[in-house]
Amino acid sequence: MKYDFDEIIQRRSTASVKWDFTSDDSIIPLWVADMDFKAAPPIINALKKRAEHGVFGYALPPAGYYEAVCRWFKNKHGLQIRPGWILPTTGVVAALSTIIKALCGPEDKVIIQTPVYNCFFSVIENNSCQILKNPLIYESASYRIDFEDLRKKAADPHAKVMILCNPHNPAGRVWSKSELEQIGEICRKNKVTVLADEIHCELTRPGFKYTPFASLNEDFLLNSVTCTSPSKAFNLAGLQTANIFCADKEMRSKIERALHINETASVGPFGIDALITAYDECADWLEELNSYLDGNYLTLKSFFEKEMPDFPLTPLEGTYLAWVNCRKLKKSSLEIAETLLKHGVRINPGYIYGEDGEGFIRINTACPRALLIEGLKRIKKAFRESF
């Protein structure tokens with residue numbers, strides 16, 4: 001490999017959410033979704049150049065910013081977008097909240113497919129809207145969509161938006177074209193806007209292909225809003241840069257107004273330079289990253305199959321987030337997480353992704369393999385000694 005993903009970077013005492021949540025240096029953090037790898041060298045060089053300029057005032061994305069986004073999504077994902085459709089913002093969670101504020105009124109309902117990213121719950125409730133759950137069906141250690149239930153939920157006259165997580169966090173699904181088309185038809189028929197969170201779109205395993213929801217046809221494009229960011233794939237979350245794609249002019253105007261009301265319509269100079277560099281110069285780094293992450297997943301999969309066969313691992317199609325069924329323990333996911341922490345490893349308890357996630361744990365595999373293996377050994381030891 002050209003890039004060294006095995007290098008262990010010291011992240012403690014760097015104001016890291018992932019590592020500095022505790023003063024205990026022995027804890028291995030396999031929880032919050034950022035990676036323990038250095039950013040691609042061209043990105044680091046671009047940021048050094050920006051730092052050397054020495055002036056860090058308010059920033060305005062140049063034409064090259066929009067052109068880089070359009071080029072990337074056209075060439076890599078087959079999604080044709082126009083610069084005028086792009087609304088830069090500080091992050092995908094901020095984008096989701098702003099879009100719900102723009103498209104929903106108090107007491108309107110927003111559909112989500114549980115278990116799902118925990119911030120979906122808060123962005124809905126914080127905007128005084130109601131959560132309408134379309135639980136995914138768990139069978140054979142994997143998930144599929146309950147389309148019959150989705151039709152019922154979408155037919156609710158108060159349902160205005162459906163948040164689509166594509167690829168899905170934490171279920172690890174990369175939704176197929178057929179599945180997305182069924183979602184699109186149901187939502188179009190019932191005048192429910194699809195709000196596609198596609199932040200993990202670059203992170204797919206071999207054999208699985210991410211399909212942008214908005215790329216399927218013109219009707220779906222105009223009945224949707226897409227949120228993306230280079231933050232997950234290129235490990236840039238701290239630079240606070242994301243984009244909203246909205247082709248419908250009237251809907252885009254509402255969202256843009258809400259962005260300004262929320263004061264989330266600006267991005268910083270470092271984020272601008274990092275995004276342009278990531279999309280224009282770092283495709284080879286991303287390819288190697290995905291290969292390394294696949295190796296990590298296969299390592300974890302083999303470990304659970306050989307050492308912990310009673311705890312089914314959900315087959316991973318996309319993201320770097322492993323989802324493990326620990327219901328055999330007959331303990332709450334919070335109890336499991338607290339026990340694992342005592343044994344020196346932090347994971348995410350499944351309950352935070354909704355009641356359908358209870359009894360599961362989520363493991364972040366985006367770290368040097370040696371750290372992952374040590375974390376897995378600690379998990380095995382905890383399960384053996386404490387349950």
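Values below: every heavy atom of this structure, side chains too, minus hydrogens, waters and symmetry copies.
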side-chain contact (heavy atoms from CB on, under 4.5 Å) between Val93 and Val123, intermediate numbers included: CA-CA 8 Å; Val93 174; Val123 298; 3.9 Å; yes
Could you give me the CA-CA distance, side-chain angles and deciding distance for Tyr353 and Asn348, then say whether side-chain contact (heavy atoms from CB on, under 4.5 Å) is met? CA-CA 9 Å; Tyr353 308 103; Asn348 288 110; 3.2 Å; yes
Chi angles and distances behind the side-chain contact (heavy atoms from CB on, under 4.5 Å) call for Cys70, Trp85: CA-CA 10 Å; Cys70 292; Trp85 298 352; over 6 Å; no
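Separating the OG atom in Ser215 from the CD atom in Gln80 is a distance of 10.5 Å, to the nearest 0.5 Å. For the atom pair Trp72 CH2 and Ile81 CD1, the distance stands at 12.5 Å (nearest 0.5 Å). Interatomic distance, Thr339 OG1 to Lys331 NZ, rounded to the nearest 0.5 Å: 8.0 Å.
One finds a salt bridge joining Arg378 and Glu374 here, because a Lys/Arg side-chain nitrogen approaches an Asp/Glu carboxylate oxygen to under 4.0 Å. Here Asp24 does not pair with Arg346 in a salt bridge; the nearest charged N to carboxylate O distance is not below 4.0 Å. A salt bridge between Arg151 and Glu148 is absent, with no side-chain N of the basic residue lying under 4.0 Å from a carboxylate O of the acidic one. Taking a cutoff of 4.0 Å between a charged side-chain nitrogen and a carboxylate oxygen, Arg173 and Glu317 qualify as a salt bridge. Under 4.0 Å is where a charged nitrogen must lie from a carboxylate oxygen, and between Arg252 and Glu256 no such pair does.
Asp6 is linked by a salt bridge (charged side-chain N to carboxylate O under 4.0 Å, His left out) to nothing, counting only residues two or more places apart in sequence or in another chain.
Here the side chain of Thr89 pairs a donor or acceptor atom with the backbone of Thr264 at under 3.5 angstrom. A donor-acceptor contact shorter than 3.5 Å links the side chain of Tyr320 to the backbone of Ala33. In terms of modelled atom types and a separation under 3.5 Å, the side chain of Lys18 and the main chain of Asp34 share a donor-acceptor contact.
Nearest heavy atom pair, residue Arg362 against residue Ile347, reads O-CB, 3.4 Å. Annotation for Cys367 and Leu30: closest pair SG-CD2, 3.9 Å, computed over non-hydrogen atoms. Here the closest heavy-atom approach between residue Ala51 and residue Phe56 is recorded as O-CZ, 3.6 Å.
At a threshold of 4.5 Å between non-hydrogen side-chain atoms, the residues Leu293 and Phe5 do not count as touching. Between Ile100 and Ile163 the shortest side-chain heavy-atom distance falls below 4.5 Å.
When each of Asp25, Thr14, Asp36 is tested with Trp19 by the rule side-chain hydrogen bond (donor to acceptor under 3.5 Å, both in side chains), just one qualifies, namely Asp36.
Between Phe383 and Phe387, the ring planes lie perpendicular to each other; the angle is over 60°, past the 30° to 60° tilted range. Classification of the His168-Trp175 ring pair by plane angle, with boundaries at 30° and 60°, yields perpendicular. The aromatic rings of Trp323 and Phe360 lie parallel to each other, with less than 30° between the two planes, well short of the 60° mark.
Residues Leu321 and Phe303 fall into different hydrophobic clusters, defined by Ile, Leu, Val, Met, Phe, Trp and Tyr side chains chained together at heavy-atom separations under 4.5 Å.
With 3.5 Å as the limit, one finds no donor-acceptor pair spanning the side chains of Asn169 and Thr319. The closest side-chain donor-acceptor pair between Tyr138 and Asp356, if any, does not fall under 3.5 angstrom. Side-chain polar atoms of Thr204 and Asn290 form no donor-acceptor pair below 3.5 angstrom.
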Using atom types as modelled, flag every donor-acceptor pair under 3.5 Å from a side chain in residues 235-246 to any protein atom, sequence neighbours excluded.
{"unit_1": "Asn235", "atom_1": "OD1", "unit_2": "Met35", "atom_2": "N", "d": "3.0"}
{"unit_1": "Asn235", "atom_1": "ND2", "unit_2": "Met35", "atom_2": "O", "d": "2.8"}
{"unit_1": "Asn235", "atom_1": "ND2", "unit_2": "Phe37", "atom_2": "O", "d": "2.9"}
{"unit_1": "Gln240", "atom_1": "NE2", "unit_2": "Ala237", "atom_2": "O", "d": "3.3"}
{"unit_1": "Thr241", "atom_1": "OG1", "unit_2": "Leu239", "atom_2": "O", "d": "3.1"}
{"unit_1": "Asn243", "atom_1": "OD1", "unit_2": "Tyr65", "atom_2": "OH", "d": "2.8"}
{"unit_1": "Asn243", "atom_1": "ND2", "unit_2": "Tyr65", "atom_2": "OH", "d": "3.2"}

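Within the hydrophobic cluster formed by Ile, Leu, Val, Met, Phe, Trp and Tyr side chains joined at under 4.5 Å, directly or through other members, Ile27 is accompanied by Val17, Phe21, Trp31, Val32, Leu341.
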